[in-house]
Amino acid sequence: MLGKEQAEFFSKDGFFICTDKSLLDVEVIYKFLSEESYWLKGISRELVIASIENSILCYGIFDGDPTKGTTKQIGFARVVSDLVRYSWLGDVFVLPDYRGRGLSKWLMGIITEHPRLKGTNFHLGTRDAHSLYAQYGFKPLERVENSMARPLDWDAINAVYKVEK
């Protein structure tokens, strides 16, 4: 199957996880990432929307069922991938009032068991959640000296999306 992935839905204990981007509450995601996250503090709403649109899979965690309109978004994660060799997991969060209920573990289990993601070389960056991700097969790079990265250039990104600082 080429093109868009079909949306997936999971429910447990009154919570719901889905990959239907149309159900995401962009304001909740934007507010958390721009105000509370350590990795994207100050990001513009336009760039949050672009990152969602350009990611192959986005996972919303909801209190209730968003398909019935009686819900509140309480978490999020997104995946960038070619669905063959490479995947990157980013912007993972659960709102503070909902932490400690196993929702991050449930989300990570769903993401890492996705049939088209589970065999890929999966990457992420974290400053404080190493033990969570280790439970799902993530480990420090063995030969970090063989890896390279080009630094993020916010000025170039903001120019493309016409975002003013």
Side-chain angles (χ1 to χ4, degrees), residues 1-138 161 163:
M1 169 181 157
L2 296 175
K4 291 190 171 202
E5 289 291 302
Q6 185 153 358
E8 297 179 293
F9 301 87
F10 308 87
S11 62
K12 180 173 102 172
D13 301 330
F15 295 101
F16 197 89
I17 292 177
C18 72
T19 60
D20 184 342
K21 291 181 185 181
S22 71
L23 298 176
L24 295 174
D25 186 334
V26 172
E27 288 307 311
V28 169
I29 299 166
Y30 165 66
K31 184 175 175 16
F32 182 87
L33 293 176
S34 67
E35 296 176 14
E36 298 181 46
S37 76
Y38 64 79
W39 62 92
L40 282 177
K41 201 168 290 265
I43 191 169
S44 71
R45 187 177 189 281
E46 295 87 351
L47 293 181
V48 169
I49 291 169
S51 71
I52 291 168
E53 289 173 350
N54 294 323
S55 295
I56 191 126
L57 287 164
C58 291
Y59 292 82
I61 308 174
F62 301 89
D63 186 352
D65 185 339
T67 64
K68 296 180 180 163
T70 55
T71 188
K72 170 183 172 178
Q73 185 165 351
I74 59 168
F76 177 73
R78 66 186 185 91
V79 176
V80 176
S81 180
D82 63 9
L83 300 174
V84 176
R85 293 183 17 197
Y86 179 81
S87 297
W88 177 81
L89 176 64
D91 300 338
V92 180
F93 71 85
V94 172
L95 294 177
D97 289 348
Y98 289 87
R99 293 178 187 162
R101 300 181 192 198
L103 297 171
S104 294
K105 290 179 181 180
W106 181 38
L107 175 65
M108 287 305 302
I110 288 169
I111 293 171
T112 57
E113 287 301 312
H114 185 288
R116 296 181 76 188
L117 295 175
K118 71 180 182 179
T120 63
N121 186 356
F122 228 132
H123 292 257
L124 62 80
T126 186
R127 185 166 53 180
D128 58 1
H130 296 77
S131 63
L132 168 66
Y133 297 119
Q135 296 173 55
Y136 300 92
F138 290 86
Y161 288 94
V163 173

| field | Heavy-atom donor-acceptor pair, R99 side chain to V94 backbone, under 3.5 Å | value | yes
| Judged by atom type as modelled, is there a donor-acceptor pair below 3.5 Å linking the side chain of Q73 to the main-chain atoms of G75? | yes
| message | Under a 4.0 Å threshold between the charged nitrogen and the carboxylate oxygen, would R45 count as salt-bridged to E27? | response | yes
| query | Do F15 and Y98 have side-chain heavy atoms sitting under 4.5 Å apart? | reply | yes
| note | Between the CG atom in L57 and the OG1 atom in T19, the distance rounded to the nearest 0.5 Å is 6.0 Å
| task | Determine yes or no for a side-chain-to-main-chain donor-acceptor pair under 3.5 angstrom, with K118 supplying the side chain and I111 the backbone. | result | no
| query | Taking the side chain from Y38 and the backbone from R127, do they hold a donor-acceptor pair closer than 3.5 Å? | reply | yes
| request: Answer yes or no: is there an ion pair linking D63 with K72, defined by an N-O contact shorter than 4.0 Å? | output: no
| task | Assess the pair F76 and Y59: is the distance between their ring centroids shorter than 6.0 Å? | result | no
| field | Ring geometry between F93 and F32 (parallel below 30°, tilted from 30 to 60°, perpendicular above 60°) | value | parallel
| In this structure, which one of T126, D128, L132 forms a side chain to side chain contact (heavy atoms under 4.5 Å, CB included) with H130? | T126
| task | Compare all side-chain heavy atoms of E8 with those of H114 and state whether any distance is below 4.5 angstrom. | result | yes
| Looking at P66 and T71, what are the two nearest heavy atoms and their distance? | CA-CG2, 3.2 Å
| said: Using only atom types and a distance under 3.5 Å, with no angle test, would you say the side chain of S37 pairs donor to acceptor with the backbone of L40? | reply: yes
| message | Before we go on, tell me: are the rings of H123 and Y86 under 6.0 Å apart, centre to centre? | response | yes
| query | How about K68: does its NZ atom have over 12 heavy atoms from other parts shown lying under 6.0 Å from it? | reply | no
| task | Would you check, one step at a time, whether the test side-chain contact (heavy atoms from CB on, under 4.5 Å) holds for E46 with V163? | result | CA-CA 7 Å; E46 295 87 351; V163 173; 3.9 Å; yes
| message | What I'd like to find out is whether the side chain of F16 reaches to under 4.5 Å of the side chain of F10, using heavy atoms alone. | response | no
